[in-house]
Amino acid sequence: MRACGRCGHDNADHLPYCCSCGRRIEKAAGVLPLGPRQETSLSTSTAIGAGTVAGTASAGFAATVALSKVRGENAPLTGKPKDSGAFLQAFDALRYVFVYVRGRIDAEDRRRAHVDERDGAKRLLDAALIELGRIVLHARPETPELAKTIDAVAGSEARRQAAIADLAAAEKFQAADDLRLGAEQASAETEWKSCDSKAGEIDDRLRQFDDERRALDAELLRLREDPQETDADRHDNARRSTLTAKRTRLDDDYGTLRERAAALRASTIAARAKLDQSIATRRQATAAIAASLLAHVRDRTEAEKQLRDLTLEIGRAATELRVPVPAALPSYARVDRLQETIAESDRQLAGVERTIGRYNIRKLAAGLGLLTAIAAAVGTALWAILR
């Protein structure tokens with residue numbers, strides 16, 4: 001901590017300005033003990049009255065002279081200050097606002113840096129404790145305090161291995177079942193496409209027959225209604241008979257094709273229903289197997305988390321008990337260093353919080369009020385000018 005030369009307020013070492021009065025903290029304000037050479041130089045260069053201080057003046061007297069010089073440059077600690085006028089007080093209040101803002105920004109930066117450092121040290125500490133726990137598990141020392149936890153670790157490892165085996169079996173079953181269902185779906189799709197193609201061909205032939213029937217009907221109607229027909233043209237009756245016979249055959253063929261078309265359409269509908277059923281079955285099977293895989297993955301994850309927690313617990317217990325395992329000595333040293341780092345970060349954060357709480361709130365409020373008044377006055381003047 002550094003004391004302000006004007007008001008004597010204690011401030012954090014990193015702050016260049018006083019949290020109480022806002023004045024810059026001079027380096028000479030915190031006088032360090034003087035060495036022999038510095039003491040001799042200062043004592044020989046300082047005159048007291050008409051005489052000269054001897055070269056063997058004490059370090060306490062030199063510090064007193066230096067501190068008096070600092071107080072003389074700034075202001076006395078007691079009594080009415082020289083610059084206590086209203087204008088200077090207002091100026092100090094305004095400056096204190098910027099001192100506060102600068103100090104808060106610096107404090108937030110320091111806090112963020114210390115929090116990041118502490119969080120990183122905690123993550124490294126967990127990793128070091130897990131490594132230590134694995135070393136202790138591998139050594140299996142005869143420690144009654146760790147026996148129950150070591151047995152629980154064995155159970156968690158068995159559960160994890162079982163979950164891994166179940167997951168592998170489920171993945172194999174998924175591949176085989178998906179292959180089987182895919183083949184059934186492909187067969188149903190082929191059957192449906194074949195029936196649909198044949199039904200389309202028969203529909204085309206039916207349309208051709210309809211066109212031929214309409215043409216024959218038109219020709220027969222023309223022969224029956226031709227007003228120019230005479231008895232000499234009776235040979236057209238033979239053509240009419242031929243067309244009528246052809247029309248009859250077309251009707252028979254058309255009826256047969258309609259029956260075939262109906263049968264193919266029914267087959268096509270059945271094949272499509274079979275294909276839809278195959279697709280739905282495949283989707284249901286895929287969803288069921290996916291749920292089973294998810295359950296096995298969840299079991300494995302839970303077993304691994306439990307195994308990690310138990311290993312971490314063994315590492316912490318081994319750190320407290322200092323289990324005599326030679327291979328764990330470097331891990332013990334690493335854990336100790338990380339714990340010291342975390343403790344130091346906590347102390348630095350506490351110091352930052354104390355620094356934030358030492359600002360003069362009344363002076364800050366006065367400075368903010370003055371800034372608001374100045375801003376209002378400037379705004380009013382600009383409005384009056386621009387109007």
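- E344 and Q348 share a donor-acceptor pair across their side chains, judged by distance under 3.5 Å alone.
- Taking all atoms of both residues into account, the shortest heavy-atom contact from Q185 to L275 is O-CD1, 3.5 Å.
- A salt bridge links D92 with R95; the closest basic N to acidic carboxylate O contact falls under 4.0 Å.
- Other residues, nucleotides and ligands contribute only 12 or fewer heavy atoms inside 6.0 Å of the CZ atom of R308.
- With a 4.5 Å cut-off on side-chain heavy atoms, D177 and T286 do not count as touching.
- V325 and L321 fall within a single hydrophobic cluster, where Ile, Leu, Val, Met, Phe, Trp and Tyr are joined by side-chain heavy atoms under 4.5 Å apart, directly or via other members.
- Pairing each heavy atom of A328 with each of L132, the nearest pair is CB-CD1, 3.4 Å.
- Side-chain atoms of S278 never come within 3.5 Å of backbone atoms of K274 as a donor-acceptor pair (strictly under, hydrogens ignored).
- Distance CD1/I130 to CG/L125: 10.0 Å, rounded to 0.5 Å.
- In this structure, S194 contributes its side chain and T190 its backbone to no donor-acceptor pair below 3.5 Å.
- Hydrophobic clustering (ILVMFWY, side-chain heavy atoms < 4.5 Å, transitive): L137 and Y332 are in one cluster.
- At a threshold of 4.5 Å between side-chain heavy atoms, the hydrophobic network of Ile, Leu, Val, Met, Phe, Trp and Tyr places L364 and F98 in two separate groups.
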Candidate pair E131 and R334, rule side-chain contact (heavy atoms from CB on, under 4.5 Å), full reasoning: CA-CA 11 Å; E131 181 182 358; R334 184 184 179 191; 3.4 Å; yes
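- Annotation: the span from R265 atom CZ to R258 atom CZ amounts to 7.5 Å, rounded to 0.5 Å.
- At least one donor-acceptor pair under 3.5 Å links the side chain of R322 to the backbone N or O of T319.
- The 12-atom threshold is not exceeded at CZ of R134, counting heavy atoms of other residues, nucleotides or ligands nearer than 6.0 Å.
- In this structure a side-chain-to-backbone donor-acceptor pair under 3.5 Å is present from T301 to V297.
- The minimum heavy-atom distance linking V97 with L368 is given by the pair CG2-N, 3.6 Å.
- Within the 4.5 Å cutoff, side-chain heavy atoms of D203 are placed close to those of L206.
- Rounding to the nearest 0.5 angstrom, the gap separating the CZ atom in F173 from the CD1 atom in I289 is 5.0 Å.
- Looking at K122 and D119, no side-chain N of the basic residue comes within less than 4.0 Å of a carboxylate O on the acidic one, giving no salt bridge.
- Within the structure, side-chain hydrogen bond (donor to acceptor under 3.5 Å, both in side chains) contacts touching residues 137-150 (residues at least two apart or in different chains) do not occur.
- Under the 4.5 Å side-chain heavy-atom criterion for grouping Ile, Leu, Val, Met, Phe, Trp and Tyr, I342 is not connected to L349 through any hydrophobic cluster.
- Remark: H114 NE2 to R347 CZ distance equals 11.5 Å, nearest 0.5 Å.
- Under the rule for a salt bridge (Lys or Arg N to Asp or Glu O under 4.0 Å), R362 has no partner lying at least two apart in sequence or in another chain.
- In this structure, the side chains of D126 and R316 come closer than 4.5 Å at one or more pairs of heavy atoms.
- Across all their heavy atoms, A107 and V352 have their closest contact at O-CG1, 3.6 Å.
- Side-chain contact of Q306 with E302: a donor-acceptor pair under 3.5 Å is absent, judged by distance alone.
- Enclosure of atom CZ in R260 is not indicated, since only 12 or fewer non-hydrogen atoms of other residues, nucleotides or ligands lie within 6.0 angstrom.
- Between A199 and T268 the shortest heavy-atom distance is CB-OG1, 4.2 Å.
- Residues D299 and D166 form no side-chain contact, since every pair of their non-hydrogen atoms from C-beta on lies 4.5 Å or further apart.
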Worked check of salt bridge (charged side-chain N to carboxylate O under 4.0 Å, His left out) between R272 and D276: CA-CA 6 Å; R272 181 63 191 183; D276 294 339; 3.3 Å; yes
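- Using a 4.0 Å cut-off between charged side-chain N and carboxylate O, D109 and R104 make no salt bridge.
- R160 is not listed as a side-chain neighbour of S156, based on a closest heavy-atom distance of 4.5 Å or more.
- To the nearest 0.5 Å, the span separating NZ on K363 from CD on Q89 amounts to 9.0 Å.
- Between E108 and R111 there is a salt bridge, with a side-chain nitrogen of the basic residue lying less than 4.0 Å from a carboxylate oxygen of the acidic one.
- L310 has its side chain within reach of E313: a pair of non-hydrogen atoms, C-beta onward, lies under 4.5 Å apart.
- Using a cutoff of 4.0 Å between basic side-chain nitrogens and carboxylate oxygens, K172 and D178 are not scored as salt-bridged.
- If you take NE2 on H296 and CD on E171, they are separated by 9.5 Å, rounding to the nearest 0.5 Å.
- Residues V153 and L312 are members of separate hydrophobic clusters, defined by side-chain heavy-atom contacts under 4.5 angstrom among Ile, Leu, Val, Met, Phe, Trp and Tyr.
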Candidate pair D116 and R112, rule salt bridge (charged side-chain N to carboxylate O under 4.0 Å, His left out), full reasoning: CA-CA 6 Å; D116 293 341; R112 185 164 46 251; 5.7 Å; no
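- Salt-bridge check for E184 with R180: passed, with a basic side-chain N closer than 4.0 Å to an acidic carboxylate O.
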